[in-house]
Student: 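Dropping the structure in here first, questions after.
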Amino acid sequence: MTAVYRSAAARRDVEKWCTDRLAAWPVAHRTTAVATGAGRTHVVTAGEDATPGRDTPRVVVVPGTNFNAATSLPLVTALAARWPTCVVDVPGQPGLSAAERPRRHRQAWYGRWLQDVVEGIGPGPTVVVGHSLGGAIALACDAPQLVGRVLVSPAGLARLRLTGGVLAATLPWLTRPTGVRSAALLRHLHGPGRQPSDELVTWMTLLSRSCRSSLAPAPLPRSVLARSRRVPNVVATGEHDVFLPPSRLASPTSRGLGVAVRTIPGAGHLVVEERPEAIVDLVRTLLDGNADSTP
């Protein structure tokens with residue numbers, strides 16, 4: 001197993017940042033811990049009174065690499081206004097869940113973990129919204145109560161593209177993180193003309209100082225993707241996603257899942273931060289039964 005934090009003090013710094021950010025969030029919510037095979041998992045729940053009814057689906061948000069519930073509040077705020085929504089801290093990623101991740105066979109491990117989480121949260125129909133690494137985890141999960149997935153800039157379908165500009169911004173950020181260097185990297189993850197929020201800049205600086213980042217997962221096996229077709233899948237990415245642009249996702253998404261990739265205009269890789277209302281529309285599209293298949 002590999003621990004995400006560089007030291008015990010680094011873990012405390014990250015946990016304090018996350019706890020303080022959640023405490024300042026004005027949306028009514030509660031936090032719980034779910035026991036899983038991957039260890040303790042921190043879950044934040046909001047919007048439980050958004051849409052009454054026994055058959056109302058629950059939305060479970062799985063963030064991407066280096067992100068967590070505390071960094072996902074714009075998206076969760078938008079989703080919780082319409083559906084009961086939970087957001088999880090992924091084990092082995094910085095946040096308030098268990099700190100360890102396996103060295104090998106991570107995607108199968110994460111798939112089992114997410115099934116434990118979905119079942120631990122409670123019964124009832126569940127839609128998983130997975131961003132980046134969270135998309136690959138969602139595809140690897142086959143929980144019985146899963147009724148659909150919204151996969152946003154998802155890993156697990158194609159290898160990430162690494163441009164010279166991203167590498168040039170990443171190396172200084174890793175070696176000597178500052179607010180200026182964090183902002184420079186984040187601008188590559190946003191759409192053109194968009195500036196990163198102060199909160200994200202602070203988070204990315206703390207992250208580089210405190211944590212060991214994990215590598216992007218490889219594409220999932222065909223057998224896993226075939227099994228993923230049991231429920232409807234909606235796949236979308238930002239028009240200007242630096243890692244997974246529409247052109248890179250189109251063919252593997254069509255082959256693996258039998259659906260077309262939806263493009264979110266003007267957005268980059270952090271579309272969940274830039275355009276949370278677009279993710280709400282994607283969930284509504286899935287629940288309305290309008291998940292388009294490719295010919």
Side-chain angles (χ1 to χ4, degrees), residues 27-38 41-64 69 72 75-90 97 107 110-131 133-152 154 156 220 224-236 253 256-260 262 272 276-293:
V27 174
H29 64 280
R30 61 185 176 90
T31 61
T32 54
V34 174
T36 74
T41 295
H42 178 256
V43 180
V44 177
T45 302
E48 291 178 290
D49 298 326
T51 310
R54 291 181 56 189
D55 296 327
T56 299
R58 175 190 299 112
V59 176
V60 174
V61 177
V62 186
S72 303
L75 174 60
V76 179
T77 298
L79 290 167
R82 293 159 178 82
W83 304 283
T85 301
C86 301
V87 55
V88 298
D89 285 4
V90 177
S97 289
Q107 287 311 105
Y110 274 132
R112 292 191 296 270
W113 160 77
L114 183 55
Q115 179 163 340
D116 288 346
V117 170
V118 170
E119 293 174 350
I121 289 173
T126 300
V127 172
V128 172
V129 174
H131 176 242
L133 171 64
I137 294 172
L139 284 167
C141 174
D142 195 35
Q145 60 264 55
L146 196 64
V147 297
R149 304 179 186 88
V150 173
L151 307 168
V152 185
L220 292 162
V224 173
L225 297 179
R227 186 187 68 194
S228 299
R229 294 193 187 204
R230 179 182 67 84
V231 300
N233 296 286
V234 172
V235 179
T253 300
L257 299 178
V259 299
R262 297 164 183 258
V272 291
E277 76 286 352
I279 313 306
V280 171
D281 290 342
L282 294 174
V283 175
R284 185 183 298 113
T285 292
L286 183 139
L287 292 174
D288 288 345
N290 294 324
D292 297 334
S293 296

Student: Let me confirm one number: the OH-SG distance from Tyr110 to Cys141, rounded to the nearest 0.5 Å.
Tutor: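 The distance works out to 14.0 Å.
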Student: For the CG atom of Leu75 and the OG1 atom of Thr85, what is their distance to the nearest 0.5 Å?
Tutor: 8.0 Å
Student: Do Ile137 and Gln107 have side chains that get closer than 4.5 Å, going by heavy atoms?
Tutor: yes
Student: Would you confirm whether Arg229, through its side chain, and Gly256, through its main-chain N or O, come within 3.5 Å as a donor-acceptor pair?
Tutor: yes
Student: Quick one: does any side-chain atom of Arg82 pair with a main-chain N or O of Arg284 as donor and acceptor, under 3.5 Å?
Tutor: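 Not at all, since once roles are kept as given, no pair shorter than 3.5 Å links the two residues.
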Student: Rounded to the nearest 0.5 Å, how far apart are OG1 of Thr41 and CG of Asp116?
Tutor: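 Here the rounded value is 8.0 Å.
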Student: Give me the atom names and distance for the closest heavy-atom approach of Leu139 to Leu220.
Tutor: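 For Leu139 and Leu220, the tightest heavy-atom pair comes out as CB-CD1, 3.5 Å.
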Student: Over all heavy atoms of both residues, which pair between Leu225 and Gly156 is shortest? Give the atoms and the distance, please.
Tutor: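 What the structure gives for the nearest pair is CD2-O, 4.5 Å.
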Student: Roughly how far apart are Gln115 CD and Thr36 OG1, rounded to 0.5 Å?
Tutor: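 Taking CD in Gln115 and OG1 in Thr36, the distance rounds to 11.5 Å.
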Student: Contact between Val152 and Ile279 at the side-chain level, heavy atoms closer than 4.5 Å - yes or no?
Tutor: yes
Student: Could you measure the distance from the CG atom of Leu114 to the CZ atom of Arg112? Nearest 0.5 Å is fine.
Tutor: 12.5 Å
Student: Identify, with sequence neighbours excluded, every residue that meets salt bridge (charged side-chain N to carboxylate O under 4.0 Å, His left out) alongside Glu277.
Tutor: Arg275
Student: For Asn233 and Ser228, indicate whether the former's side chain and the latter's backbone hold a donor-acceptor pair under 3.5 Å.
Tutor: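 Yes, because the side chain of Asn233 sits within donor-acceptor range (under 3.5 Å) of the backbone of Ser228.
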Student: Which heavy atom of Trp113 sits nearest a heavy atom of Val88, and at what distance?
Tutor: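 Minimum heavy-atom contact is CH2-CG2, 3.7 Å.
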Student: Could you give me the CA-CA distance, side-chain angles and deciding distance for Leu151 and Leu257, then say whether side chain to side chain contact (heavy atoms under 4.5 Å, CB included) is met?
Tutor: CA-CA 11 Å; Leu151 307 168; Leu257 299 178; 3.9 Å; yes
Student: Find the distance between CZ (Arg58) and CD (Gln145) and round it off to the nearest 0.5 Å.
Tutor: 7.5 Å
Student: How about Thr253 and Val259: do any of their side-chain heavy atoms sit closer than 4.5 Å?
Tutor: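 Contact flag for Thr253/Val259 side chains = yes.
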Student: Looking at Val147 and Pro125, what are the two nearest heavy atoms and their distance?
Tutor: CG1-CB, 3.7 Å
Student: Just so I know, are the side chains of Thr56 and Pro84 near enough to count as touching, which here means a heavy-atom distance under 4.5 Å?
Tutor: yes
Student: When you compare the side chain of Pro57 with that of Leu287, does any pair of heavy atoms fall below 4.5 Å?
Tutor: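 They are in side-chain contact.
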Student: Can you see which heavy atom on Ala236 is nearest to which on Leu282, and at what distance?
Tutor: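 Minimum heavy-atom contact is CB-CD1, 3.5 Å.
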Student: Using a 4.5 Å cut-off on heavy atoms from C-beta on, say whether the side chain of Pro154 contacts that of Val235.
Tutor: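 The answer is yes; the side chains approach within 4.5 Å.
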Student: Of all the heavy-atom pairs spanning Thr285 and Arg262, show the shortest one and how long it is.
Tutor: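 Looks like CG2-NH2, 3.6 Å.
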Student: So Val44 and Thr31, do their side chains get closer than 4.5 Å, heavy atoms only?
Tutor: yes
